Structure formats: structure tokens, C-alpha cells
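For reference, the structure is listed below as C-alpha cells.
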Number of protein chains: 2
Amino acid sequence: METNTEEKILIAAREIFSQRGFAGTRMQEIADRAGINKGLLHYYFKTKETLFKAVFKEAFLQISRKLNEVLSSERPVMEKVESIVDEYLDLLLANPNLPGFIVNELHTNTEAFIAEIMSMSERPDPSLLIMQLHLDSQAGKIRQVDPFHTVLNILSMCVFPFIARPMLQSMVHLDDATYLHLMRQRKAAIKDFIRHAIQSPDQSAMS
Amino acid sequence: METNTEEKILIAAREIFSQRGFAGTRMQEIADRAGINKGLLHYYFKTKETLFKAVFKEAFLQISRKLNEVLSSERPVMEKVESIVDEYLDLLLANPNLPGFIVNELHTNTEAFIAEIMSMSERPDPSLLIMQLHLDSQAGKIRQVDPFHTVLNILSMCVFPFIARPMLQSMVHLDDATYLHLMRQRKAAIKDFIRHAIQSPDQSAMS
DNA sequence: GTCTATAGGTAGATAGAC
DNA sequence: GTCTATCTACCTATAGAC
């Protein structure tokens, strides 16, 4: 229950920045949410940009660390793919507007700003998984697929529903509870979809 | 070659708003891009919000019209799915940052604002396709799949790569030309992926 | 460390000449 | 219709009291 001021500011800043974006955020709103005044904000974080970078870096690291963790593990390809879906969806369910925040800021801001942010943290690297898919594909262990597009398909199915949530919810008129319920079903749905999409013909005949 | 002032403004506004978002856009920047001054902007569009709504409505209509057009056609399910991928990707390739713009604004702005925008234009309605998938699934014409998640998977694979472009390009270090080249390959890659993911076991044994 | 008050700059919008 | 000049409001950041 002991939350110091700096932590209170960061908590508030995470919420506001991730919801409104950098340009749409007012320092006043962060101060209000944190239960302090504007002056104190600048005492802890000299500028709006400083505070934003702290929040964004943290968010980006959360995503990229998790992604790298699963992408670089040495397991067999289908196991690995399934663990990507499982673990990545866990992260997204716990932080539903993380990907929207990141993608939005990378899209809105200048390239210099992006480059600076990117240099702060290791980028996710899918090349090992792509290589694995390529080899297994050659060896006939999975169906002949384009490895790059396959990885992209997997990421798409996991992340997109969270980014496009407002759009999707208005399309099908789902309340928040129902939407989250569907997201929790997605792990199974995505893994099933992928399995059938990439399994070799012999195996699919057996199923 | 005859472009009147209103059209020049709209062209400039499309570019700036879709790149920087509503909050990040300066009227001055739009005026500069259009080659006119701020005063004239307000002569044609009373407020920044008026101008934004004109631009956003147009963008949203472009997406939803195309989507509805394919979603509501009366063709057999696999044909329909393939035409969604084909036609939707054509639209996205012609307007690469359309989805990022829309998703970003729906995410950043208040619910009241979103509701107002949504009421302006018919929403895309996937229920017919969901129903078709359900029936074909029951009838054994395709594999037993969850129709909702299947539709979501299809949309995800089409749209996500465009929304997450800056993120993806930095992950794999692709220049713009290479990235666009990969996007043009996606039609085939996605259709292949879907086909194998939802085809019934009998058919897959034959392939 | 925390507050109030305010400086300094910028952005949206208007007024008025041409 | 198009321009320049300006008003007004707001927002980041700082100064200074406690």
C-alpha cells in the first residue's frame, strides 16, 4: 500500500499516455490522476518528453522481452509457436492497450524520435523462428510454407484484436466483458488455426 | 491539373491527419502543405474538428464500404474469403496508412467522439460471413472451426502488417521497397494459409 | 518534497484589408 | 477568396514560498 510519489506519477502516466498518446496527453491530467500538482510532475521528470520516454521504454521492453524470450528458445517449431501464442496472449490480456499504444506512437512520431526509442532496447528478432520454419518445411516435417509470412500471420492473429478493439467492438456490438471473454478463447482458436494451416499433408490426413 | 482550394486543403489534411493523428496535427502544417495560410483554412472549414471529421469520415467510409461490399456478397464461403483477401489488400496497398489512422483515432479519442463518428457511416457487418462459416462447418464442407475467430483471423492477417509497419520494419530491417514487395506477396500467402486452416480433412488428404 | 503563482510560448480562431 | 495581423486560451515549464 506504500506507494511513493514517483511511482504514483508513473502509474498515472502509463494510463494517460497509453490511452491518449503523447500529443493528446495533458500534464494536468496526469497530475490529477496521480493526485498531485503539475509542479511536482516537473520536479520528478523534468519535461513531458522525459516522462513519456520512461513510460514508453518500459512498455516497449515488456513487449520485446517477452517476444524475444519465446522467439529465441530452442524448442521444436510447433511447440515454440504454441508457446508464443500462449505467453504472448497472456501478456496482452494483462495489458490490453499496450500494443495499441506502441504502434500508435511509432506511427505518429518522427523517425528521429522512433530511432532514439528503438536504440534504447533490444528489438524482437524473429529470424531464428523463420529459419526453423524454413528447415522443417524443407524436411517435410511441416507443410511447404513461406516462413516470413507464417510468422507474420501468427503475430497478426495474436495482436490485431487488441489494437483494433474499439473498431471490432462497434462492428459486432460487444460489451467489454464479452470481448474479454472472446480474447481468452483466442489462444485455443489461434493454435488450432495455425496447426491446420502448417501441418504436413500426411499428418492432416491422420487427424 | 485544376485543383480548387477546398480540394487542396483536403489533400493536405488527409496526409497530415493520417500521419500525426488529430492531437498531433497543427493547422499551420496543413496550411503549409496546401500552400495557403491558416486564415483560409478556417474560411473553408470553420474549426480543426470540422476538417478532421471530413477527413476521417471519408477514410472510414473507404474501409467500411469495401468491407461490406465483400462481406455481404452471396458467394460460396471460400470464394468469398478469397475475394475479401484480394480486394481488401488492394485497398490497403493503395492506402497503406488508412487502417493505422482509423484504429489510432478510435483508440485515442473519447467514446462520445467515436460514437458520433460511427453514426455517420454504416458499420461493416461480418454476421453473414460468420453464419456461412457456421453452416458450412456444420455441413462438413469445411473443417469444424469457430466462425467468429476465423473471421477475426482473416482480418488480422490482412490488416495488421499495415498497422504495425514501423515496428515490423525495424524488427527485420526492411527498406520501404522490400516491405511493399512483401505486402504484395501477402495475398497469396494469406489465402494459402486460410485454405489449409479451414479445409475439411477429406479435401486436405487429397491435396 | 510539495505547493501556488506565473512566465513564456504556441495553437486555434477571428477581424478586417484587399 | 485570400491575405496579414491579432486575440484568446491553453499548455509546458519555472520561480519561489512553505
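Reminder, nothing fancy here: chain letters follow the sequence lines and each chain counts from 1. All of these numbers come straight from a predicted model, not from anything done at the bench.
- For Lys48(A), the salt bridge (charged side-chain N to carboxylate O under 4.0 Å, His left out) test picks out no residue, with sequence neighbours left out.
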Protein-nucleotides 16-18 of chain C N/O pairs closer than 3.5 Å?
none

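- Atoms CG (Leu40(A)) and C1' (dA15(D)) sit 15 Å apart, rounded to a whole Å.
- Residues meeting the side-chain hydrogen bond (donor to acceptor under 3.5 Å, both in side chains) test with Arg143(B), sequence neighbours left out: Asp192(A), His196(A).
- Listed by chain and residue number, Glu49(A), Thr50(A) satisfy the side-chain contact (heavy atoms from CB on, under 4.5 Å) test with Thr47(A) (two or more places apart in sequence, or in another chain).
- Taking 4.0 angstrom as the limit, Thr5(A) places none of its side-chain polar atoms (N or O) nearer than this to OP1 or OP2 of dG1(C).
- Judged as a ring-ring contact (aromatic ring centres under 6.0 Å, His included), not a single pair has a partner in residues 145-179 of chain B (not counting sequence neighbours).
- For the 3.5 Å distance criterion, the side chains of Asn153(A) and Arg186(B) qualify, holding a donor opposite an acceptor.
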Side-chain donor/acceptor pairs under 3.5 Å, residues 37-45 of chain B, sequence neighbours excluded:
| unit_1 | atom_1 | unit_2 | atom_2 | d |
| --- | --- | --- | --- | --- |
| Asn37(B) | OD1 | Gly39(B) | N | 3.1 |
| Asn37(B) | OD1 | Leu40(B) | N | 3.0 |
| His42(B) | ND1 | Lys38(B) | O | 3.3 |

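- Look at OH on Tyr44(A): it is 10 Å from P on dC3(C), rounded to the nearest Å.
- Partners of Asp32(A) under the salt bridge (charged side-chain N to carboxylate O under 4.0 Å, His left out) rule, at least two apart in sequence or in another chain, do not exist in this structure.
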Nucleic acid footprint by protein, nucleotides 8-15 of chain C - heavy-atom cut-off 4.0 Å, B for base, S for sugar-phosphate alone: ---SBBB-
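- Remark: Glu122(B) pairs with no residue by the salt bridge (charged side-chain N to carboxylate O under 4.0 Å, His left out) rule, at least two apart or across chains.
- Atom CG in Asn37(A) sits about 15 Å away from atom P in dT14(D), given to the nearest Å.
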